[in-house]
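Below is one structure, written out as structure tokens; comments come after it.
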2 protein chains.
Amino acid sequence: MNDRTADENVPAGAESRPTLKTIAFMTGLGVTTVSRALKNAPDISADTKRRVQLVAKQVGYRPNRAGVRLRTGKTNVISLLLNTDEQLMGFISDIIYGVSRALRGTPYHIILTPYSGRDDPMDAVRYVVETQSADGIIISRTEPQDARVLYMLEHKFPFATHGRTDLGNAHPWHDFDNEVFAQLAVRRLARNGRKHLALLAPEPKLSYYRHMTDGFADGIAECGLTEIPFHNCWVDEPIDRIRDAAIELFKRPNRPDGVVCGSGASAMAVVNALEMCGMSLGKEIDVVTKQSTPLVQMFRPGLYVVEEDFRLAGRELANAVLGQIEGRPVSDLHSLSVPELVRDPTFAPADPPHKGG
Amino acid sequence: MNDRTADENVPAGAESRPTLKTIAFMTGLGVTTVSRALKNAPDISADTKRRVQLVAKQVGYRPNRAGVRLRTGKTNVISLLLNTDEQLMGFISDIIYGVSRALRGTPYHIILTPYSGRDDPMDAVRYVVETQSADGIIISRTEPQDARVLYMLEHKFPFATHGRTDLGNAHPWHDFDNEVFAQLAVRRLARNGRKHLALLAPEPKLSYYRHMTDGFADGIAECGLTEIPFHNCWVDEPIDRIRDAAIELFKRPNRPDGVVCGSGASAMAVVNALEMCGMSLGKEIDVVTKQSTPLVQMFRPGLYVVEEDFRLAGRELANAVLGQIEGRPVSDLHSLSVPELVRDPTFAPADPPHKGG
DNA sequence: GTCTAAATCTGTATCGTTACAGCTACAGTT
DNA sequence: AACTGTAGCTGTAACGATACAGATTTAGAC
């Protein structure tokens, strides 16, 4: 299938994809010169560069990725590590789009490296690092002492995390400020006169569990409220599981009159549950949640929502890894999204601006 | 960063990744022999093969993808073409998971090739085909006379489509039977005594527009109902746009008493709209929709839903491309998902089994 | 006129793999 | 003894790109 007939080093007909050799032949220059001219090397005359670049453009030259990769080790690939077990993965597509948006116009491709929760998540990272199948990695579901992060730091492999770690700014990251989110949420409920609040938090091993519970606790203390524990259930669990757990919660004698939900989908399950228990939103209870699509707000007019923009997260993460690959200082490669409470467009009365607590 | 110090051809310390050369050195064989032994070539003795394979396993040998790709042209990559403009892309992540599931255990990687609706979708296909950046392509949003399909057929490039084309079985595809879906939906509404039905269909240029409208029309005729036109709006549009269009619809004097929605998210918008118009689900009107997560059913207990499994679609699509790459006959590479009406778990009375019309 | 330096260009080796065309050794045939 | 066949192994040359160490030309210095 390979190995042509008898062309020695003279590209004959307009056959397959042009290579450096093609351009070298057309311009009468050496392959090396062409290579260097195309990357604007200083030891090539401006004239030659123009000529080579013109011809390259004309014939539609594109460097062969395998060739570059073999010779230089540069893959021009960013790997997105995905846990394929998560139930409510809608937002992953938004991250993907954000990443691809940031990578548009660069030579980078996005490759997906999925892992199942049954596997060790480390395997996926190790695979990419060991086989050098990418120049950088983006991970999510970050943990405070994330083994993947330690591994990549140790191997000096470029990466960015969605969510922070206990290592602070030692590596690039993007995060949504879940502490502020939870605090805003509690304040909103307090303003509605709610006293007994429950929090549907993420899985405790994840970094943002701490952020969210801290913000929640602060809000509770600040407003003089009490917390109703809701600790047998997390936002990433299957939707029916959450609903069932919420039904349990609402059947307890000390049921909450306000709930803060860490994700849009889980909020839907919670609302579903409370209605099945004969309560109704805005009456016996209020719910505040995050949303990443307007769907959540449409679910029930009485829901209070805070927008979390995952496309933005994707863009930030991509730029962060690229930044590290390019060797920019790590201190430039962090970003934190600050949440804002969105007024319910159809139901809730407008809040007076800038009045907290 | 490359070009080691002075090892000639003797791999010295336990440095970087083992290559064929490493194994050749360790076994005392030639590089060619090692290569052939690892792929079970017939001209290598069984003894040698065992020995080589053992050593390869011991040192954790993995072929260098760039080397293979450069020499053979085989990329071991499947490219997933994505339109990044779509609004409700939740299901894309399910397709991705399905694909990655099917590719687990194979040497294939998934690479994403996004395109914006503003670009020509052909550009993305052409890019992959011309630069040979993948061994196969999966596309969605298939059209009856899809230019991408014609192009890939012409270039004999392996691919599979999510949705069918007018070319019938000339290429691998997977599809959900939207005709049956619409027909089931209409029958369900007819059984509830609904007479005036509207259909929220996909964008007319897409293949499944025809399927869905045909099924709908058949159902209407079969049950002796009338169609209320709802043609200024499609399922892929922004969620608020759909809601506004639905509000228009419900304000018309001849408003429908039943709606069939081509997607879960659009159904939420429609229900939102009808409630804003003072109607209520199950009373003045019934709605049937597809759902790909249990969320939709949770949205309103009165909704009738049909499950569409996008993970399955992903698996089928991946297997279809792989099949074509392996040269299996195209006739084996088609699959159609048959929809089933799911009874509402909480609200709707159980239907007597096997009673259509 | 010789020498040096700078500016420009080029050949060779190499990354890891595989296709191809041998090569070697030994057994069997005549 | 000479020949053929075959099983089993191997060297060489690519694939396309780039690092590196020259090569060539020209201008300028003395």
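Protein chains get the first letters and strands the later ones, always in sequence-line order, with residue 1 at the start of each. Heavy-atom basis, side chains included; hydrogens, waters and symmetry copies ignored.
Separating the CZ atom of B:Arg69 from the P atom of D:dA14 is a distance of 22 Å, rounded to the nearest angstrom. One atom, CZ of B:Arg36, and another, P of C:dA19, lie 7 Å apart when rounded to the nearest Å. Put simply, CG on B:Asn64 is 13 Å from C1' on C:dT14, counting in whole angstrom units. In this structure, B:Leu20 places its CG atom 12 Å from P of C:dA19, rounding to the nearest Å. Per the geometry, CG belonging to B:Asn76 stands 13 Å off P belonging to C:dT17, to the nearest Å. To the nearest angstrom, C1' of C:dT17 lies 14 Å from CZ of B:Arg65. Rounded to whole Å, the distance from CZ on B:Phe25 to C1' on C:dG16 is 18 Å. For the pair A:Gln132 CD and C:dC15 C1', the interatomic distance rounds to 12 Å; values are reported in whole Å.
A:Thr75 and A:Asp135 share a side-chain donor-acceptor pair at under 3.5 Å. Using modelled atom types, one finds a donor on one side chain and an acceptor on the other under 3.5 Å when comparing B:Thr165 with B:His171. Between the side chains of A:Ser207 and A:Glu143, no donor-acceptor pair of N or O atoms lies under 3.5 Å. Residues B:Thr113 and B:Ser79 have side chains that bring a donor and an acceptor to within less than 3.5 angstrom of each other. Defined by atom type and a distance below 3.5 Å, a donor-acceptor pair is missing between the side-chain atoms of A:Thr32 and A:Ser35. Using a 3.5 Å distance cut-off with no hydrogens or angles, the side chains of A:His162 and A:Thr142 do not pair a donor with an acceptor.
Note on A:Thr72: every side-chain N or O is 4.0 Å or more away from OP1 and OP2 of D:dA17.
For B:Arg71 against C:dT18, a side-chain N or O and a base N or O form a donor-acceptor pair under 3.5 Å.
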Given the rule in the salt bridge (charged side-chain N to carboxylate O under 4.0 Å, His left out) test, do A:Asp309 and A:Arg311 qualify, once you have shown the distances and angles that lead to the verdict?
CA-CA 6 Å; A:Asp309 186 344; A:Arg311 292 199 174 209; over 6 Å; no
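Among C:dT17, D:dC15, D:dT18, the nucleotide with an atom closest to any side-chain atom of A:Ser35 is D:dT18. Each of C:dT18, C:dT17, D:dT18 was ranked by its minimum atom distance to the side chain of A:Val31; first place goes to D:dT18. Counting only heavy atoms from C-beta on, B:Leu29 has its side chain closest to D:dT10 among D:dT18, C:dT18, D:dT10. For B:Thr32, counting side-chain heavy atoms from C-beta on, the closest listed nucleotide (D:dA14, C:dT10, D:dG11) is D:dG11.
Scanning residues 38-52 of chain A for heavy-atom distances under 4.0 Å to DNA chain C yields A:Asp43, A:Ile44, A:Ser45, A:Thr48.
Within 4.0 Å of A:Gly30, counting heavy atoms only, lie sugar-phosphate atoms of the nucleic acid but no base atom.
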